[in-house]
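In this text, all values refer to a predicted model and were calculated from it rather than measured experimentally. Here is how names work: the chains are called A, B, and so on, in the same order as the sequence lines, proteins then strands, and each is numbered from 1.
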Number of protein chains: 2
Amino acid sequence: MKKYLAVLGKCPLFYGIKEDELLRMLGCLGAKTEFFDKKYTVFAEGARAKYIGIVLSGSVQITQVDFYGNRSILSVIGAGQVFAEAFACAEVEEMPVSVVANEPSEIMLLECAHVLHTCGNHCAFHRQLIFNLMKDLATKTITFHKKIDITSKRTTREKLMAYLMHEAKRAGSNSFDIPFDRQELADYLEVERSGLSAEIGKLQKEGVLESRKKHFTLL
Amino acid sequence: MKKYLAVLGKCPLFYGIKEDELLRMLGCLGAKTEFFDKKYTVFAEGARAKYIGIVLSGSVQITQVDFYGNRSILSVIGAGQVFAEAFACAEVEEMPVSVVANEPSEIMLLECAHVLHTCGNHCAFHRQLIFNLMKDLATKTITFHKKIDITSKRTTREKLMAYLMHEAKRAGSNSFDIPFDRQELADYLEVERSGLSAEIGKLQKEGVLESRKKHFTLL
DNA sequence: CTCCGTTTGTTGAAAATTCAACATATTTTC
DNA sequence: GAAAATATGTTGAATTTTCAACAAACGGAG
């Protein structure tokens, strides 16, 4: 587990926990790691939510596919970030989403039951862990507010611009990369890919933005 | 504070905390209560997130209004439920939403800083409080998943049906009341009120459902 | 009971999205 | 480096939503 310390140190779940304690905790938490190639499923919709996931390298997408095959991307989780924690903590029977590797990714899984209920050892740190988990969940909720803020707009153009503004703000620059290709961006914004492409074209002609693949610049 | 014990006992935030302890805690948490008439603002968008709110009676709506005046309703919070906890826990500078009383409502406000950081007394219960808050946040995240599941549908009809299915499931019956009037339902589903009315009319003609005001029956 | 304000339903025209199909880039693979 | 596979852009027709305006139904207040 030692080789993962650099990433885990940046994981908000382990904030304030020293490396040697962290290593011992991972044992108690039933930590195991798995490798997933691009497009492979980490958790399938409908599965029991038993594990809290941490991305050690690569990234995963949280997706939902409806009855007619429309995919909706809820979020992208990068290295050092946590996923599926809400379902695990809320102890839901069936996950309403799938988690799919976005690229070759190493994933750490923690036994949720071990995270929620202290095992008798290391209790001081366990307390910190719970506190961190709470903060993480609060942050996640805000991520969803952001997504709803974007997708509640009524037109493709407004959704796109709202999204790009958020990304520019996050990047701290009007020039930035997004983690989506066109189809994925459409699935995140909940619009048609073709309409999205057309809108990006128009906005470029109008001089509002420039884009080449995943790189965007707001003008 | 005694008169609120019945509601607070049902509040997930205080699960597992005895009444006498609860009363003492409320002091430490800086609890105060306020009354809001229908349509009055509890928290305004842009305000600093200092308080965790609890609905003692009545209900509140979490809403967002965009640049062009389109209102989006994120959720409705009823008696015994908690709101604004995510912003308080994540310590955001500006609330991205407003909280508005849906009917005459009594609201309890807790100082967030007192909830997050133990004050020296009652630590055993404070720990339980943090744990409860974590569970609550996990549940909230799932509520947002539900909303995204609904609003990611592409047509008014699909959004409406997805919403009604969820409500029927929650009610455990195909006949149930919803907490929205037509305009509010439209703002929750992120669609036009007139289009929504038309769609409800069509679905009734088709024999898919019956509705009178806030009461719906799926056939 | 009647008046008045609010909510809900209805309509038609304008605007936007979806859908399917294809052209063109771009990337991957061998 | 060529072929195959994937991603992106483009188009027009059909569908759907939005918008504005008005009619009808409903609910209180007096």
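The nearest whole Å value for the distance from the CD atom in B:E184 to the P atom in C:dT7 is 9 Å. Rounded to an integer number of Å, the gap from CG of A:D181 to P of D:dG9 is 11 Å. In this structure, NZ of A:K38 is placed 12 Å from P of C:dT27, rounded to the nearest angstrom. The CZ-C1' distance, from A:F180 to D:dT8, rounds to 17 Å in whole Å. Summarising the geometry, the separation between NZ on B:K213 and P on C:dT7 is reported as 10 Å, rounded to the nearest angstrom. To the nearest angstrom, P of D:dG9 lies 12 Å from CG of A:L160. Nucleotide D:dT16 holds its C1' atom 11 Å from the NZ atom of B:K159, rounded to whole Å. In this entry the distance linking NZ of B:K153 with P of D:dT15 reads 22 Å, nearest Å.
Within a 6.0 Å sphere centred on CD of A:E94, other residues, nucleotides and ligands contribute 12 heavy atoms or fewer. More than 12 heavy atoms of other residues, nucleotides or ligands shown are found within 6.0 angstrom of CZ on A:F35.
For the pair A:K147 and A:Y188, the cation-pi criterion (under 6.0 Å, within 45° of the ring axis) is fulfilled.
The backbone N or O of A:A101 sits nowhere less than 3.5 Å from a side-chain atom of A:S105 that would complete a donor-acceptor pair.
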(Q) Does the protein touch nucleotides 9-21 of chain C at the base, only the backbone, or not at all? Give it as B, S and - per nucleotide, heavy atoms under 4.0 Å. (A) BBB----SSSBB-

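Side-chain atoms of A:H166 and A:R170, non-hydrogen and from C-beta on, never get closer than 4.5 Å to each other.
A salt bridge is defined here as a Lys NZ or Arg NE, NH1 or NH2 lying under 4.0 Å from an Asp or Glu carboxylate O, and A:R157 with A:E199 meets this definition.
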